[in-house]
Asks: 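To start, I am sharing the structure in question, which I have written as structure tokens.
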2 protein chains.
Amino acid sequence: MGRRSDHSREELQSLIVEATLDLVKEHGAEKVTARQIAQAVGYTPGTLYSVFINLQDIFLHVNELGLSTLFEQCAKAMSAQTEPFAAIRSLGIAYLEFATNNTHQFDLMFARADSPSEEAPAAIQTRIRSMFDLIEEQLRILNPDATTAQVKLGARALWSGVHGTATLRLSDQLYLDRSSSDSDVVDMLVNNFLRSWQHR
Amino acid sequence: MGRRSDHSREELQSLIVEATLDLVKEHGAEKVTARQIAQAVGYTPGTLYSVFINLQDIFLHVNELGLSTLFEQCAKAMSAQTEPFAAIRSLGIAYLEFATNNTHQFDLMFARADSPSEEAPAAIQTRIRSMFDLIEEQLRILNPDATTAQVKLGARALWSGVHGTATLRLSDQLYLDRSSSDSDVVDMLVNNFLRSWQHR
DNA sequence: GCAAAAATTGAACATCGTTCATTAATTTTT
DNA sequence: AAAAATTAATGAACGATGTTCAATTTTTGC
């Protein structure tokens with residue numbers, strides 16, 4: 001078979017990315033093969049390489065998507081709150097919920113990999129900046145006297161805490177006792193951090 | 001060639017694990033192949049499977065080693081401090097130092113994987129317990145009135161923070177600005193957390 | 001309708017993890 | 001000391017992987 005053109009280049013691109021996301025969600029990234037993706041979109045493996053550089057390149061675009069929805073869910077959870085304290089807490093919970101409800105996807109999102117394309121990382125960086133902005137905004141409200149550097153540092157520290165909670169939660173091995181719930185850990189972390197932050 | 005017996009079973013086992021660790025440190029786990037490991041220890045790939053179940057099984061034993069040294073380095077850094085506050089700070093710095101100095105190894109250690117053997121995870125859990133104990137001990141000193149549950153939760157929260165800092169540091173993508181140093185983030189996190197913890 | 005361009009294929013390549021019958025060395029038994 | 005049994009290690013093979021690319025077919029522009 002030769003040229004078909006049932007889909008434009010961009011259509012095919014997002015078709016592949018979405019099919020890959022589905023496969024990742026179901027089986028985990030390690031088990032997803034080029035041939036599987038190709039079959040899912042109704043093409044042959046070779047076609048993938050006319051639209052993307054690599055399998056890794058495809059995964060990068062999947063992560064772009066993942067970061068977007070993670071950001072949206074966090075932003076939505078925050079917007080439901082009026083107080084900065086509660087807002088940050090909600091962000092943490094939302095973050096953890098995403099991680100536990102989309103285990104495989106989250107794993108892929110933060111698994112390190114040397115990136116083959118230049119476009120994807122840029123798009124990804126933008127999305128991460130948005131996450132930071134979300135936190136920095138609240139930290140500023142909570143303590144207007146803090147310098148910009150302090151706010152940036154604080155946001156990174158807070159996010160690191162939330163992210164670490166999610167990460168450790170996912171490495172099942174690490175969870176010896178099932179006693180502590182996600183929200184308990186986030187509460188402990190966020191409350192203690194913010195209480196000091198407020199009175200710094 | 002047939003039987004050689006230059007090494008006992010256990011010798012061969014630790015030979016393989018150490019060779020694998022070297023390869024992981026240099027090239028990253030994804031690039032390490034069974035054939036490479038076999039060549040490094042002077043055997044053929046088949047031999048690996050008479051000593052371990054899997055490549056994954058080998059990696060698990062590598063991680064056992066990794067967690068041991070991580071723990072030792074943290075414990076050592078802590079023991080140099082007398083004050084609990086400084087002790088926990090030192091632990092955080094040591095943790096981050098290990099992560100940045102052993103990027104590939106750290107990646108492997110906390111990359112999730114369904115474990116094929118039953119022995120390794122048990123050994124790994126023991127080592128993780130030790131890490132928790134280290135933190136819990138200091139938290140208890142810092143606030144003797146805290147309940148056991150609170151101490152456990154606090155330790156998990158703190159470790160999550162440190163771990164998250166390390167994790168995010170490693171996903172280069174995430175670091176848009178190189179302004180904040182590792183120790184700054186840890187300071188921000190640990191100081192704010194512990195200040196509240198003390199006066200809870 | 002025809003030539004040029006573009007899209008898709010499918011066969012091929014090297015490499016991967018893993019298995020297992022075969023072989024060679026060592027122990028054990030006689 | 002020879003034969004038998006056991007163990008260690010091999011290496012060839014299998015199926016599956018990511019990736020490449022000449023060949024083929026369809027669309028497009030003239």
Side-chain angles (χ1 to χ4, degrees), chain A residues 1-17 19-21 23-24 26-63 104 108 111-117 120, chain B residues 1-17 19-21 23-24 26-63 104 108 111-117 120:
Chain A
M1 255 183 276
R3 184 173 194 177
R4 274 168 30 196
S5 275
D6 339 337
H7 305 101
S8 76
R9 235 70 223 285
E10 287 119 13
E11 277 177 341
L12 187 50
Q13 182 162 343
S14 58
L15 223 78
I16 291 172
V17 171
T20 307
L21 176 54
L23 288 169
V24 167
E26 194 168 351
H27 307 107
E30 331 80 65
K31 307 228 161 191
V32 175
T33 73
R35 284 168 176 86
Q36 274 175 41
I37 300 171
Q39 197 187 3
V41 295
Y43 283 81
T44 40
T47 304
L48 302 184
Y49 293 84
S50 69
V51 184
F52 293 101
I53 305 171
N54 254 345
L55 248 197
Q56 218 176 92
D57 189 28
I58 298 181
F59 284 141
L60 266 176
H61 284 80
V62 169
N63 284 344
H104 291 311
L108 178 60
R112 214 133 48 79
D114 14 34
S115 50
S117 72
Chain B
M1 252 183 277
R3 184 176 194 174
R4 275 168 30 194
S5 276
D6 343 334
H7 304 101
S8 77
R9 237 66 227 278
E10 287 120 12
E11 278 176 339
L12 188 49
Q13 182 162 343
S14 57
L15 224 77
I16 291 172
V17 171
T20 307
L21 176 55
L23 288 169
V24 167
E26 194 168 350
H27 307 107
E30 332 81 63
K31 307 229 163 192
V32 174
T33 71
R35 286 169 174 85
Q36 275 175 40
I37 301 172
Q39 196 187 3
V41 295
Y43 284 80
T44 41
T47 304
L48 301 184
Y49 293 84
S50 71
V51 184
F52 293 100
I53 305 172
N54 253 344
L55 249 195
Q56 219 176 90
D57 190 27
I58 298 180
F59 285 139
L60 267 175
H61 283 79
V62 169
N63 284 344
H104 291 311
L108 177 60
R112 214 133 48 78
D114 14 35
S115 50
S117 72

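Being a predicted model, the structure only gives us computed values, none of them experimental. Each chain gets a letter, A, B and so on, in the order the sequences are listed, and its residues count up from 1.
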Asks: Counting side-chain heavy atoms from C-beta on, which of C:dA12, D:dA13, D:dA8 comes nearest to B:Arg9?
Replies: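 My answer, after comparing the listed nucleotides, is D:dA8.
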Asks: Choosing from D:dA9, C:dT18, D:dG18, which nucleotide comes nearest the side chain of B:Pro45?
Replies: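 It is C:dT18.
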Asks: Looking only at side-chain atoms of A:Thr47, point me to the closest of C:dT8, D:dT17, D:dT10.
Replies: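 Out of C:dT8, D:dT17, D:dT10, the nucleotide with an atom closest to A:Thr47's side chain is C:dT8.
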Asks: Is the backbone of A:Tyr43 close enough, under 3.5 Å, to the side chain of A:Thr47 for a donor and an acceptor to pair up by distance?
Replies: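 No: the side chain of A:Thr47 does not pair with the backbone of A:Tyr43.
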Asks: Classify the nucleic acid contact of A:Val32 as base, sugar-phosphate or nothing, counting any heavy atom under 4.0 Å across all strands shown.
Replies: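 If one applies the 4.0 Å heavy-atom cut-off, A:Val32 turns out to touch the sugar-phosphate alone, with no base involved.
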Asks: Of the candidate nucleotides C:dG10, C:dA7, C:dG17, which contains the atom at the shortest distance from the side chain of B:Tyr49?
Replies: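 Shortest atom-to-atom distance from the side chain points to C:dG17.
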Asks: Of the nucleotides D:dA9, C:dC16, C:dT8, which has the atom closest to the A:Ser50 side chain?
Replies: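 Looking only at heavy atoms from C-beta outward on A:Ser50, the closest nucleotide is C:dT8.
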Asks: Can you check whether B:Pro45's main-chain N or O pairs, donor with acceptor, with B:Gln39's side chain at less than 3.5 Å?
Replies: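 Pair absent, no side-chain N/O of B:Gln39 close to backbone of B:Pro45.
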Asks: Which comes earlier along DNA chain D counting from the 5' end, the contact point of A:Thr33 or that of A:Ile53, where each point is its nearest nucleotide?
Replies: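 Counting from the 5' end, the first nearest nucleotide belongs to A:Thr33.
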Asks: Indicate whether any N or O donor in one side chain lies under 3.5 Å from an N or O acceptor in the other, for B:Thr44 and B:Arg35.
Replies: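 Note: B:Thr44 and B:Arg35 side chains miss the donor-acceptor criterion.
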Asks: Judged by atom type as modelled, is there a donor-acceptor pair below 3.5 Å linking the side chain of B:Gln13 to the main-chain atoms of B:Glu10?
Replies: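 Side chain of B:Gln13 to backbone of B:Glu10, a donor-acceptor pair under 3.5 Å: no, none is there.
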Asks: Identify the nucleotide, in any strand shown, that forms a Watson-Crick or G-U wobble pair with C:dT30, with both distances under 3.5 Å; if there is none, say none.
Replies: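 Its partner is D:dA1 (Watson-Crick or G-U wobble, both distances under 3.5 Å).
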Asks: Checking contacts here: which listed nucleotide (D:dT19, D:dT17, D:dA9) is nearest the side-chain heavy atoms of B:Tyr43?
Replies: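 So the nucleotide nearest the side chain must be D:dA9.
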Asks: Write down the distance between CG (A:Leu55) and C1' (D:dT19), rounded to a whole number of angstrom.
Replies: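 Nearest whole value for this atom pair: 9 Å.
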Asks: For the pair made of CG in B:Asp57 and P in C:dG17, what is the distance, rounded to whole Å?
Replies: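 Rounded to whole Å, this separation is 14 Å.
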Asks: Rounded to whole Å, please give me the gap between CG in A:Leu15 and C1' in C:dT8.
Replies: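 In whole Å, C:dT8 C1' and A:Leu15 CG are 15 Å from each other.
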Asks: Check whether any side-chain N or O of B:Asn54 sits under 4.0 Å from OP1 or OP2 of C:dG17, and answer yes or no.
Replies: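 Answer is no, no contact under 4.0 Å.
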Asks: Which nucleotide sits closest to the side chain of A:Thr44: C:dT9, D:dT17, D:dA9?
Replies: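 For the A:Thr44 side chain, the nearest candidate turns out to be C:dT9.
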Asks: Please give me the minimum heavy-atom distance between A:Ala34 and A:Tyr49, naming the atom from each residue.
Replies: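 Reported closest heavy-atom pair: CB-OH, 4.4 Å.
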